[in-house]
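Notes follow the structure.
Quantities reported herein were computed from a predicted structural model and do not represent experimental measurements.
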Amino acid sequence: FELLSTVNNDDLQFFHLNQTISCIAAGKISLQNTIGIPNSGRPDSLSSRSSESANNLERSKSRGTRGSVPLLRKRSTKDPLFGAENNSCEVLVIGTKTSIHVYDIVQNCDLFYKEIPDGANAVVIGRYGDICDGNIMLVGGNCAIHGFDRAGKDVYWTVTGDNITAMALVDIDSDGLNELVVGSEDYEIHVFKNDAILFETTESDCIIHLVALGPGLFGYGLANGTVGVYQANGERVWRIKSKNTPTCLFGLDVNLDGQI
């Protein structure tokens with residue numbers, strides 16, 4: 001099948017809606033159902049409207065300063081981002097140059113919308129230290145990080161030395177609470193424990209990807225093709241350089257030993 005929108009690098013994302021429908025989000029953030037593709041060869045839209053206008057969120061489409069804004073993030077089904085009245089629905093969190101938009105796809109309605117002058121270059125959702133009693137949505141923009149609780153209340157704020165390009169939640173010191181790993185355009189990686197910096201390190205190029213690899217470890221990818229792993233004390237465990245720029249990083253327990 002084919003999509004009706006132009007797809008640029010890093011625009012395409014796949015996810016499951018309510019654990020039953022496989023979806024593609026691409027281009028101008030039109031949402032497509034990949035199950036039950038009709039004879040026309042085009043996937044079903046998630047609404048009765050045309051797929052180009054389905055869930056029309058064009059105002060939220062944007063670009064980051066280096067690399068792409070992570071347009072879509074689905075909340076955890078095990079620990080809802082929002083209150084009990086919304087815990088049966090799936091939502092999208094859409095970052096732009098000036099705002100964050102939390103959207104209920106099934107009900108086709110906004111849950112909340114926040115203006116963020118610093119923009120949203122990176123978005124992560126999960127538990128972070130003891131900032132709040134549930135999941136927190138962390139938005140990294142131009143030298144600033146904002147945190148929002150399930151009601152959309154701003155519960156966290158801190159600054160970095162440059163524009164944020166990647167973030168990940170990792171229990172880096174194995175105390176049962178996540179720390180926030182932040183990469184920025186100035187080649188710096190900072191590990192935040194609530195409001196304090198646990199450690200920081202300088203790499204050889206802009207950090208474009210960060211990924212949790214289990215307690216005490218996180219992976220990183222650089223614009224120059226370098227991929228590596230750091231551990232809890234800030235020591236680099238492993239590194240390799242490729243002539244190609246990494247487009248994504250993912251941790252997986254390949255050998256089924258219980259560790260990523």
Side-chain angles (χ1 to χ4, degrees), residues 8-10 62-71 73 93 95-100 115-126 128-129 131 136-148 154 156-173 178-213 216-251:
N8 298 316
N9 186 36
D10 293 337
S62 70
R63 284 278 168 210
T65 52
R66 298 239 351 221
S68 299
V69 172
L71 293 174
R73 288 291 183 269
V93 177
T96 80
K97 294 178 181 178
T98 59
S99 65
I100 199 80
E115 295 289 341
I116 305 178
D118 299 313
N121 300 335
V123 178
V124 292
I125 296 174
Y128 175 38
I131 299 298
I136 185 172
M137 177 173 64
L138 294 158
V139 182
N142 298 331
C143 306
I145 301 170
H146 294 265
F148 300 94
D154 198 335
Y156 180 79
W157 180 82
T158 192
V159 296
T160 59
D162 206 341
N163 295 334
I164 295 161
T165 52
M167 298 194 302
L169 288 168
V170 187
D171 182 11
I172 197 69
D173 57 4
N178 286 334
E179 284 72 47
L180 177 64
V181 184
V182 179
S184 52
E185 286 187 347
D186 58 1
Y187 307 176
E188 294 285 327
I189 297 176
H190 295 84
V191 178
F192 289 90
K193 189 175 184 67
N194 293 339
D195 294 324
I197 294 180
L198 199 60
F199 70 82
E200 55 189 350
T201 186
T202 303
E203 273 298 332
S204 57
D205 206 338
C206 177
I207 293 87
I208 57 175
H209 298 291
L210 290 168
V211 62
L213 297 175
L217 293 171
F218 67 87
Y220 68 94
L222 306 182
N224 63 9
T226 300
V227 176
V229 176
Y230 276 99
Q231 62 183 7
N233 57 5
E235 179 182 351
R236 187 188 295 115
V237 178
W238 173 83
R239 178 176 65 178
I240 189 171
K241 185 171 182 180
S242 168
K243 62 182 180 180
N244 301 311
T245 301
T247 57
C248 64
L249 293 181
F250 187 77

Can you find a pair of side-chain heavy atoms, one from [X] and one from [Y], that are under 4.5 Å apart?
{"X": "Tyr220", "Y": "Val227", "result": "no"}
{"X": "Asn163", "Y": "Cys143", "result": "yes"}
{"X": "Leu210", "Y": "Val182", "result": "no"}
{"X": "Tyr187", "Y": "Asp162", "result": "no"}
{"X": "Ile131", "Y": "Asn194", "result": "yes"}
{"X": "Thr98", "Y": "Ile116", "result": "no"}
{"X": "Val181", "Y": "Met167", "result": "no"}

Give a yes or no on whether the backbone of [Y] and the side-chain of [X] come within a donor-acceptor separation of less than 3.5 Å.
{"X": "Asn142", "Y": "Asp118", "value": "yes"}
{"X": "Asn178", "Y": "Gly129", "value": "no"}
{"X": "Tyr156", "Y": "Asp195", "value": "no"}
{"X": "His209", "Y": "Ala166", "value": "no"}

What closest approach, in Å, do [X] and [Y] show between heavy atoms, and which atom pair accounts for it?
{"X": "Ile189", "Y": "Glu203", "value": "CD1-CG, 4.1 Å"}
{"X": "Ala144", "Y": "Trp157", "value": "CB-NE1, 3.9 Å"}
{"X": "Ile145", "Y": "Phe192", "value": "CD1-CE1, 4.4 Å"}
{"X": "Gly95", "Y": "Ile100", "value": "CA-CD1, 3.7 Å"}
{"X": "Gly221", "Y": "Pro246", "value": "CA-CG, 4.2 Å"}
{"X": "Val191", "Y": "Glu179", "value": "CG1-CB, 4.0 Å"}

Just checking, any donor-acceptor pair under 3.5 angstrom between side chains of [X] and [Y]?
{"X": "Asn224", "Y": "Thr245", "result": "no"}
{"X": "Glu235", "Y": "Tyr230", "result": "no"}
{"X": "Glu185", "Y": "Thr165", "result": "no"}

- Item | Test log, rule side chain to side chain donor-acceptor pair (under 3.5 Å), inputs Glu188 and Thr202 | CA-CA 5 Å; Glu188 294 285 327; Thr202 303; 2.5 Å; yes
- Task: Write out all pairs satisfying salt bridge (charged side-chain N to carboxylate O under 4.0 Å, His left out) with one or both partners inside residues 237-249, taking only residues at least two apart or from two chains.
- Result: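 Every candidate salt bridge (charged side-chain N to carboxylate O under 4.0 Å, His left out) pair involving residues 237-249 fails, so no pair, neighbours aside, qualifies.
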- Angle class for the Phe218/Phe199 ring planes (parallel below 30°, perpendicular above 60°, tilted otherwise)? parallel
- Drop me the distance from Gln231's CD to Leu213's CG, to the nearest 0.5 angstrom.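 Spacing of CD (Gln231) from CG (Leu213) equals 12.0 Å.
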- Query: Which residue, Ile125, Val93, Asp154, Ile136, forms the side-chain contact (heavy atoms from CB on, under 4.5 Å) with Phe148?
  - Reply: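 Considering Ile125, Val93, Asp154, Ile136, a side-chain contact (heavy atoms from CB on, under 4.5 Å) with Phe148 is found only for Asp154.
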